[in-house]
Amino acid sequence: MSLDNTFNTPQQSQLGRASAYVDRYDAGLLFPIPRALQREAMGIAQHPLPFFGADLWTAFELSWLNPRGKPQLAIAHFTIPCETPNIIESKSLKLYLNSFNSTVFSNAEAVRERLRADLGEAVWRGAERPSTVGVRLMAPDLFDKEQIRELEGVDLDRLDIECTHYQPTPELLLSDTTQTPVSETLTSRLLKSNCLVTGQPDWGSVQIRYSGPQIDQAGLLAYIVSFRNHNEFHEPCAERMFRDIWERCKPNKLAVYARYTRRGGLDISPFRTSWPQALPSNVRTARQ
């Protein structure tokens, strides 16, 4: 995909700028950014993609008015396939959701359908065969059913390692091809990167599931820590991890799941996998 000035860039978004508060419905607030902008920079092929997966968004600040003017609210879960040509810049999504605040909808289903149509149009814009996105609203009477669960796997953070790299360093990734292949799930809460535009910190946890030559755990943890001063959106951070582990460690199967903490009432959890499988449950961690 060749990009030109007709495509949005992160620097053109509302990130880092003062923004007017719009509380009347306005789908034009959504700001799609082509995924290819950063995939091409990383050398990730667009057709076909080297992975499957989706971005799991949770919006904790969604409200609208019913026909009698009474405020309604819900928690919204969005599923954005990784095949979509665009992501939505997170501040623009917050501004868009705020535009529902003084808008009347007949019921929650009407809100869900409006979200589904608008988000689907934005993320699939420019695709030859546009599809849709997943939207699920959780009503207040189900809030006490919300779970908090940490990512399952062997905790890499237990390792007492020296860290000296704070920009992504794939050379830290090592695997042992002389031993019997293994299947492991490894986790860390030490993922941190920075917003591509504002430089503000983004905190997260990451789960690595793989089968193949055993990955050196100390090197993998040092690699995760090396994102600490890296400026990039959540989605390409997960894709960069997937690409680097896949190329350096040569697993037979690989899945990378990053759960970032929320900002502006939104959290983003990208999931990338080398084989088709069900998406993980969108269950938040304690920090989310």
Side-chain angles (χ1 to χ4, degrees), residues 35 38-39 42-46 48-56 79-83 149-161 163 165 167-193 202-228 230 232-260 268-285 288:
R35 294 184 189 269
Q38 290 175 284
R39 284 177 176 171
M42 285 189 282
I44 293 178
Q46 283 286 102
L49 287 171
F51 42 67
F52 305 90
D55 306 321
L56 308 180
T79 303
I80 313 296
C82 69
E83 297 84 6
R149 187 170 66 230
E150 296 303 289
L151 294 172
E152 297 178 352
V154 177
D155 184 13
L156 294 173
D157 302 343
R158 75 190 191 285
L159 301 173
D160 184 18
I161 65 169
C163 298
H165 297 277
Q167 291 289 342
T169 310
E171 293 77 17
L172 295 167
L173 295 167
L174 303 170
S175 63
D176 188 351
T177 58
T178 66
Q179 301 296 320
T180 302
V182 300
S183 294
E184 287 187 318
T185 301
L186 308 171
T187 65
S188 173
R189 297 180 180 88
L190 299 186
L191 175 60
K192 174 194 169 290
S193 54
D202 294 319
W203 305 91
S205 300
V206 63
Q207 179 188 68
I208 311 293
R209 287 194 294 134
Y210 77 96
S211 297
Q214 187 161 38
I215 296 175
D216 177 71
Q217 293 186 8
L220 178 58
L221 178 58
Y223 169 75
I224 293 168
V225 170
S226 75
F227 279 73
R228 194 167 183 84
H230 180 58
E232 199 165 48
F233 291 144
H234 302 353
E235 299 92 338
C237 277
E239 294 178 0
R240 185 180 296 275
M241 282 193 178
F242 181 96
R243 182 207 62 179
D244 288 347
I245 296 171
W246 185 258
E247 293 184 354
R248 298 283 303 186
C249 300
K250 310 296 184 185
N252 301 317
K253 288 185 173 182
L254 174 65
V256 174
Y257 185 28
R259 292 202 64 92
Y260 279 91
I268 308 171
S269 300
F271 176 70
R272 301 293 183 268
T273 172
S274 64
W275 76 100
Q277 60 174 297
L279 295 173
S281 299
N282 192 3
V283 177
R284 65 189 176 99
T285 65
Q288 291 181 300

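Computed over heavy atoms, backbone and side chain alike; hydrogens, waters and symmetry mates excluded. Small disclaimer: the values here were computed from a predicted structure and weren't measured.
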| query | So do the side chains of P170 and E247 get within less than 4.5 Å of each other, counting heavy atoms only? | reply | no

| remark: Residues F242 and P50: closest non-hydrogen pair is CE2-O, 3.7 Å

| request: Locate the shortest heavy-atom distance separating G53 from T273; write the atom from each residue and the value. | output: N-CG2, 4.4 Å

| query | Looking at CD1 of I208 and CD1 of I224, how far apart are the two atoms once the value is rounded to the nearest 0.5 Å? | reply | 5.5 Å

| field | Results of side chain to side chain donor-acceptor pair (under 3.5 Å) for E239 - residues two or more places apart only | value | R39, R272

| note | d(C237 SG, H230 NE2) to nearest 0.5 Å is 5.0 Å

| said: With a 3.5 Å distance limit and no angle check, can you tell me whether S226 reaches the backbone of T169 through a side-chain donor-acceptor pair? | reply: yes

| said: Keeping K192 on the side-chain end and R228 on the backbone end, is there a donor-acceptor pair under 3.5 Å? | reply: yes

| query | Would you call R240 and E232 a salt bridge, using N to O less than 4.0 angstrom? | reply | yes

| request: Any chance you could lay out the side-chain contact (heavy atoms from CB on, under 4.5 Å) test for Q217 and L186, step after step, and finish with the verdict? | output: CA-CA 8 Å; Q217 293 186 8; L186 308 171; 3.8 Å; yes

| query | Donor-acceptor pair, R149 side chain versus V283 backbone, under 3.5 Å? | reply | no

| query | For the residue pair D176 and P213, what are the closest heavy atoms and their distance? | reply | O-CB, 3.7 Å

| query | Going by heavy atoms in the side chains, are L49 and R35 under 4.5 Å from each other? | reply | no

| task | Look at the rings of Y223 and F227 and say which category their plane angle falls in: under 30° parallel, 30 to 60° tilted, over 60° perpendicular. | result | perpendicular

| request: To the nearest 0.5 Å, tell me how far W275 CH2 sits from Q277 CD. | output: 4.5 Å

Would you mind writing out the side-chain donor-acceptor pairs for residues 251-258 within the sub-3.5 Å range, not counting sequence neighbours?
{"unit_1": "Y257", "atom_1": "OH", "unit_2": "R259", "atom_2": "NH1", "d": "2.5"}
{"unit_1": "Y257", "atom_1": "OH", "unit_2": "S281", "atom_2": "O", "d": "3.3"}

| query | About how many Å separate CG of D55 and OG of S269, when rounded to the nearest 0.5 Å? | reply | 9.0 Å

| Non-hydrogen atoms of P270 and A238 that approach each other most closely | CB-CB, 3.7 Å

| query | In Å and rounded to the nearest 0.5 Å, what is the CG to CG distance from L221 to L191? | reply | 11.0 Å

| Could you go step by step and tell me if L173 and L220 meet the side-chain contact (heavy atoms from CB on, under 4.5 Å) rule? | CA-CA 6 Å; L173 295 167; L220 178 58; 3.7 Å; yes

| Nearest-0.5 Å distance that lies between atom OG1 in T178 and atom CD in Q214 | 10.0 Å

| message | Please check: side-chain N/O of D157 versus main-chain N/O of R189, any donor-acceptor pairing under 3.5 Å? | response | yes

| Verdict with reasoning, T79 to L56, per side-chain contact (heavy atoms from CB on, under 4.5 Å) | CA-CA 5 Å; T79 303; L56 308 180; 4.0 Å; yes

| message | Please check: side-chain N/O of Y210 versus main-chain N/O of I245, any donor-acceptor pairing under 3.5 Å? | response | no

| request: Under the side-chain contact (heavy atoms from CB on, under 4.5 Å) rule, what do C82 and F271 come out as? Steps first, then yes or no, please. | output: CA-CA 9 Å; C82 69; F271 176 70; over 6 Å; no

| Side-chain donor/acceptor of Q207 to backbone N/O of E152, under 3.5 Å | yes

| note | Contacts of A222 meeting side chain to side chain contact (heavy atoms under 4.5 Å, CB included) (sequence neighbours excluded), chain-then-number -> I161, L172

